Amino acid sequence: MTQDNPHNNGGSWHDVASLADLSTTTPYRTEVEDKPVILLRQENGKVRALAGECPHKGAPLEKGVVCDNQLVCPWHKAIFSIEDGRLLEPLSLDPLAVYPTEIRDGRVWLSLVTHALPAEKPKEQTETVLIIGAGAAGVTAAVSLREFGFAGSITMVDSETSAPYDRTALTKTVLSGKAKGNAPPPLRPDNFWAEHDIHRVVGKVVAFDAASRAVALADGQTLTADHVLLAPGATPRKLDIPGVDLRGVFTIRQATDTQQLLEACPSNGRVVISGGSFIGMEAAASLKSRGLQVTVVAPDDTPFAKIFGREIGARLRRLHEEKGVTYLAGRRIVGVEGDERVHSVRLDDGTHLDADIVIVGVGVRPATSFAASLTTDDGGIDVDDGMRTSAAGVYVAGDCARIAHGDSRLRIEHWRSAQVQGRQVARTITGQAGPAHFLPWFWTQQFDCKLEYAGYHEPFDDVAIEGDLEKFDFVARLMRKGRCVGVVTAGRPDVTAKAVQSGSLD
């Protein structure tokens, strides 16, 4: 039922649900004028109505987790305030729409007329921010700075000419043929940068002086700022073997890598992948789904054993083999052969494999060669809880950031962690309150199976699995001396959502 709006605010009111049907913990989904909406009853008897799909990828939020007046997206763990829809943590970069409600005779009425969140008062109007890198961390920092009211100058330096895009899509959707035009989706609409006065510079950083915060580019430019965020990401490691420079040998880090790979590979081509890493196995699944012949050459019998445990790793290997991927365990590629382009690879046991394409997925290294004065042996840079380095006004986020965990430091090479850290930098610069720590989370999509992981990649001595491993419907707790140090789930997104929201594995 629809009525004219009695408050005369330009919209209509819709009878959408019985108050008795609503819960304080389980979102109730409905549709109003073809817009998905979720309803939640609050302890004070009022009802909150929010957009029913996550702004990031359209996840159905009725399947999200509700806790402490927060809503966690079931797919990629963005966290929103139920009170006003405000974004609390990524992956989304946008808030949720919130709709006004009224309760009349035990029924919930709703209007689709929304009001924008109150804008932050302009701050730091005379200050400048320079961001090196336009990936997850850099973009999130820039977007969050404007969200938090930073009114000074923001400049982003990126070596890629294309607008910032979702790098996670490269192996998950682009290689599988599910991305329009074989291109990953942009992180922001084309007009976003101009509308928010964020200046983008295409260039390669060749040197950085931490004391003066001066950034030198390959074209001779020198840029400085009051605040400099280093978020350059990482570069793929290469194999130190003959033939790796032949045409047809690829690493996967940028959109151009996947586009050139697909252009170079015949429709029924033979692909050999070096390494059972996430990049390698996701690429294997996507390219096999596309109809190519795929062989993975890996030194380990079981992929991901050190991250997920041997049982889960073995099940993933069987999944690939069931789908037609050949997994050659205990072997390494020692040579790539061909004239101008690859035609085969040679393994350490003397075997030759025909190949039209070779993909190298053997890990990455922080792209911090320009900042040697700040880096440690692994190329990372130490930061505090506010992502500050030892140099005043210099911050690091993403693959390069070495965060404190217990008595050690570690780098988290995951998309969501980079976004969370980028947002933390924006909080630090603008004086916003934020969490002192976060629980790292990531996901991998291989064929039609999605696995999620929450934790710090600590060593474990036992794996406790509840559910059906064969059907990819389980929760696995990675234990070390009786303490849970990681959680792996398949088909149980609520478990990892609760862990991410609480910041705890308990």
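Because the structure is predicted, anything quoted here is derived from the model rather than measured. Counting begins at 1 with the first residue of the sequence.
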Does any part of the side chain of [Y], heavy atoms only, come nearer than 4.5 Å to the side chain of [X], both counted from C-beta?
| X | Y | result |
| --- | --- | --- |
| Leu71 | Leu96 | yes |
| Thr251 | Ile359 | no |
| Arg86 | Leu117 | yes |
| Cys54 | Phe80 | yes |
| Cys400 | Leu230 | no |
| Ile198 | Met156 | yes |
| Leu287 | Leu262 | yes |
| Val143 | Phe192 | yes |

Straight-line distance of [X] [atom1] to [Y] [atom2], nearest 0.5 Å:
| X | Y | atom1 | atom2 | result |
| --- | --- | --- | --- | --- |
| Glu120 | Leu145 | CD | CG | 12.0 Å |
| Asp399 | Gln421 | CG | CD | 9.0 Å |
| Phe278 | Tyr453 | CZ | OH | 9.5 Å |
| Leu87 | Ser81 | CG | OG | 10.5 Å |
| Leu223 | Arg213 | CG | CZ | 13.5 Å |

Mutual orientation of the aromatic rings belonging to His414 and His457 [parallel < 30°, tilted 30-60°, perpendicular > 60°]: tilted

Geometric class of the Tyr395/His227 ring pair [parallel <30°, tilted 30-60°, perpendicular >60°]: tilted

Is the shortest distance from a Lys or Arg side-chain nitrogen in [X] or [Y] to a carboxylate oxygen in the other one below 4.0 Å?
| X | Y | answer |
| --- | --- | --- |
| Lys57 | Asp166 | yes |
| Asp257 | Arg253 | no |
| Glu83 | Lys46 | no |
| Asp378 | Arg411 | yes |
| Lys204 | Asp158 | no |

Atom [atom1] of [X] with >12 non-hydrogen neighbours under 6.0 angstrom:
| X | atom1 | answer |
| --- | --- | --- |
| Lys498 | NZ | no |
| Asn44 | CG | yes |
| Lys450 | NZ | yes |
| Asp190 | CG | no |

Pair Phe370-Ile132, side-chain contact (heavy atoms from CB on, under 4.5 Å): steps then yes or no: CA-CA 11 Å; Phe370 62 86; Ile132 307 305; 4.2 Å; yes

For [X] against [Y], the heavy-atom pair lying closest together:
| X | Y | result |
| --- | --- | --- |
| Ala151 | Gln125 | CB-CG, 3.5 Å |
| Gly85 | Val98 | N-CG2, 3.5 Å |
| Leu175 | Ala283 | CD1-CB, 3.7 Å |
| Ser159 | Gln254 | OG-NE2, 4.3 Å |
| Pro236 | Val364 | CA-CG1, 3.9 Å |
| Ala134 | Pro164 | O-CB, 3.4 Å |

Checking [Y] against [X]: is there a side-chain donor and acceptor pair closer than 3.5 Å?
| X | Y | result |
| --- | --- | --- |
| Gln70 | Asp68 | no |
| Thr140 | Arg423 | no |
| Ser23 | Thr25 | yes |

Is there a donor-acceptor pair closer than 3.5 Å between any side-chain N or O of [X] and the backbone N or O of [Y]?
| X | Y | result |
| --- | --- | --- |
| Arg146 | His196 | yes |
| Lys123 | Phe148 | yes |
| Ser277 | Gly280 | yes |
| Ser502 | Ala499 | yes |

Verdict with reasoning, Leu61 to Cys73, per side-chain contact (heavy atoms from CB on, under 4.5 Å): CA-CA 6 Å; Leu61 293 179; Cys73 170; 4.2 Å; yes

Check against side-chain hydrogen bond (donor to acceptor under 3.5 Å, both in side chains), Asp94 and Ser92: CA-CA 6 Å; Asp94 300 292; Ser92 176; 4.8 Å; no

Go through the structure and list residues passing side-chain contact (heavy atoms from CB on, under 4.5 Å) with [X], not counting sequence neighbours.
| X | result |
| --- | --- |
| Thr489 | Glu452, Val475, Val487, Arg492, Val495, Thr496 |
| Arg41 | Leu19, Leu22, Thr24 |
| Ala285 | His320, Gln446, Phe447 |
| Ser390 | Leu374 |

Full working for side-chain contact (heavy atoms from CB on, under 4.5 Å) between Ile82 and Leu40: CA-CA 8 Å; Ile82 292 173; Leu40 277 163; 3.7 Å; yes

Row check, Trp443 ring normal vs Lys172 NZ/CZ: under 6.0 Å, within 45°: yes

Lys NZ or Arg CZ of Arg104 over Trp13 ring: under 6.0 Å, within 45°: yes

Worked verdict on Glu195 versus Arg188 for salt bridge (Lys or Arg N to Asp or Glu O under 4.0 Å): CA-CA 11 Å; Glu195 287 184 356; Arg188 295 280 80 191; over 6 Å; no

Contacts of type salt bridge (charged side-chain N to carboxylate O under 4.0 Å, His left out), residue Lys288, not counting sequence neighbours: none

side-chain contact (heavy atoms from CB on, under 4.5 Å) between Thr155 and Val201, worked out: CA-CA 7 Å; Thr155 300; Val201 174; 3.8 Å; yes

What pairs of donor and acceptor atoms, side-chain ones from residues 425-435 against any protein atom, are under 3.5 angstrom apart with sequence neighbours left out?
{"unit_1": "Arg427", "atom_1": "NH1", "unit_2": "Glu89", "atom_2": "OE2", "d": "3.4"}
{"unit_1": "Arg427", "atom_1": "NH1", "unit_2": "Gln424", "atom_2": "OE1", "d": "3.1"}
{"unit_1": "Arg427", "atom_1": "NH2", "unit_2": "Leu88", "atom_2": "O", "d": "2.9"}
{"unit_1": "Arg427", "atom_1": "NH2", "unit_2": "Glu89", "atom_2": "OE2", "d": "3.2"}
{"unit_1": "Thr428", "atom_1": "OG1", "unit_2": "Gly386", "atom_2": "O", "d": "2.9"}
{"unit_1": "Thr428", "atom_1": "OG1", "unit_2": "Gln424", "atom_2": "O", "d": "3.0"}
{"unit_1": "Thr430", "atom_1": "OG1", "unit_2": "Ala426", "atom_2": "O", "d": "2.7"}

Output field: ring centroids His14/Trp109 closer than 6.0 Å: no

